[in-house]
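Hydrogens, waters and symmetry mates play no part in the numbers below; they use all other heavy atoms, side chains included. On a predicted model such as this, the values are computed, not experimentally measured, just so you know.
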Amino acid sequence: FIYSAVLPVAIFGVSEVSIRFTSVVYGMLGILGTFLFARELFSNRWIGLFSALILAITPWHVHLSRVGFDVNLQSFFVPAMLWSFLRYVKTKSFVSFMVFCLLAVLGFWSYVAARISISVVILLSLCAYPHFLKNVLLKKKSVILTIVVMCVMMGFVYITMKNGSF
């Protein structure tokens with residue numbers, strides 16, 4: 001969260017507004033991510049809009065998206081990650097798979113509890129779509145990419161655990 005606040009701090013200066021601005025942007029992106037995920041999951045625009053509305057008026061989301069909490073990032077990364085995974089499953093687009101990997105890694109590093117929740121979401125997604133394992137992970141390029149991404153993620157986990165900041 002703190003790294004994503006650098007640009008607003010450069011624009012607005014060191015103030016409450018700059019930190020809250022970052023949080024508000026992630027809160028709005030979370031609503032967009034929820035809409036895209038629900039629309040993709042149910043193939044219905046109205047269900048997507050209703051899901052986004054529910055998130056937008058939930059007191060938890062309103063409170064956390066107005067204050068500079070790290071957990072607010074998860075309301076964006078998890079639905080957007082699941083949306084890109086569903087896009088990949090439906091379209092078989094390599095770009096959707098790369099967006100899924102990028103959002104998973106960014107979500108993994110955005111919040112401490114996400115290191116567990118993102119891993120669980122990925123495992124559940126793989127279990128829900130077993131043909132994903134056959135179609136993607138058995139391809140040579142995807143296997144190499146997955147191994148590289150996992151090694152980088154685990155390397156950072158090892159470094160942060162070694163420094164005691166995990």
Side-chain angles (χ1 to χ4, degrees), residues 1-8 10-11 21-56 61 64-65 70-160:
F1 179 80
I2 197 71
Y3 295 120
S4 60
V6 169
L7 184 62
I11 294 170
F21 179 78
T22 304
S23 192
V24 167
V25 167
Y26 277 113
M28 291 187 306
L29 288 173
I31 294 167
L32 176 65
T34 301
F35 166 73
L36 292 172
F37 171 61
R39 185 184 68 180
E40 192 71 31
L41 183 64
F42 297 107
S43 299
N44 187 327
R45 180 174 181 245
W46 292 107
I47 292 176
L49 287 171
F50 183 70
S51 300
L53 173 70
I54 293 299
L55 180 64
H61 185 71
L64 292 180
S65 67
D70 295 351
V71 71
N72 188 36
L73 276 65
Q74 290 311 106
S75 69
F76 164 66
F77 283 119
V78 172
M81 181 185 72
L82 290 172
W83 168 73
S84 62
F85 180 76
L86 289 175
R87 290 292 303 161
Y88 172 75
V89 168
K90 289 183 179 180
T91 64
K92 306 292 188 259
S93 166
F94 187 71
V95 173
S96 295
F97 180 69
M98 293 304 296
V99 169
F100 168 71
C101 290
L102 177 68
L103 289 170
V105 169
L106 290 175
F108 191 81
W109 291 109
S110 65
Y111 182 58
V112 174
R115 295 174 182 165
I116 296 170
S117 64
I118 296 282
S119 301
V120 170
V121 167
I122 290 172
L123 287 174
L124 290 175
S125 298
L126 294 177
C127 291
Y129 294 95
H131 67 277
F132 173 79
L133 292 171
K134 184 177 75 174
N135 292 339
V136 173
L137 296 182
L138 294 180
K139 293 180 181 177
K140 188 176 183 179
K141 184 169 45 170
S142 296
V143 169
I144 292 170
L145 177 67
T146 304
I147 290 171
V148 168
V149 168
M150 289 301 176
C151 286
V152 168
M153 286 175 55
M154 292 304 115
F156 284 125
V157 169
Y158 174 74
I159 291 169
T160 54

Query raised in the report: How about V99 and L103: do any of their side-chain heavy atoms sit closer than 4.5 Å?
Result: yes

Query - Residue pair G48 / A38: nearest heavy atoms and the distance that separates them - result: CA-CB, 3.7 Å

Report summary line: Correct closest heavy-atom pair for Y26 and S75 would be O-OG, 4.4 Å

**Report entry** W83 versus L36, closest heavy-atom pair with distance
**Finding:** CD1-O, 3.1 Å

Report task. Nearest 0.5 Å please: distance from the CZ atom of F35 over to the CD atom of E40. Result -> 10.5 Å

Requested in this report: Drop me the distance from R39's CZ to I47's CD1, to the nearest 0.5 angstrom.
Outcome: 12.5 Å

Report task. Using a 4.5 Å cut-off on heavy atoms from C-beta on, say whether the side chain of I31 contacts that of H61. Result -> yes

Query - L49 side chain near W46 side chain, heavy-atom distance below 4.5 Å - result: yes

Query raised in the report: Between NZ of K90 and CG of L86, what distance do you get to the nearest 0.5 Å?
Result: 6.5 Å

Query - L55 versus G30, closest heavy-atom pair with distance - result: CD2-O, 3.6 Å

Query raised in the report: Atom OG1 in T34, atom CZ in F50: separation rounded to 0.5 Å?
Result: 13.0 Å

**Report entry** 4.5 Å side-chain heavy-atom contact, F97 and C101
**Finding:** yes

Requested in this report: Would you mind reporting whether L82 and V78 have side-chain heavy atoms less than 4.5 Å apart?
Outcome: yes

Query - Atom pair CG/CG of L106 and L73 - distance to nearest 0.5 Å - result: 9.5 Å

Query - Over all atoms of both residues, closest heavy-atom pair of P79 and F37 - result: O-CB, 3.5 Å

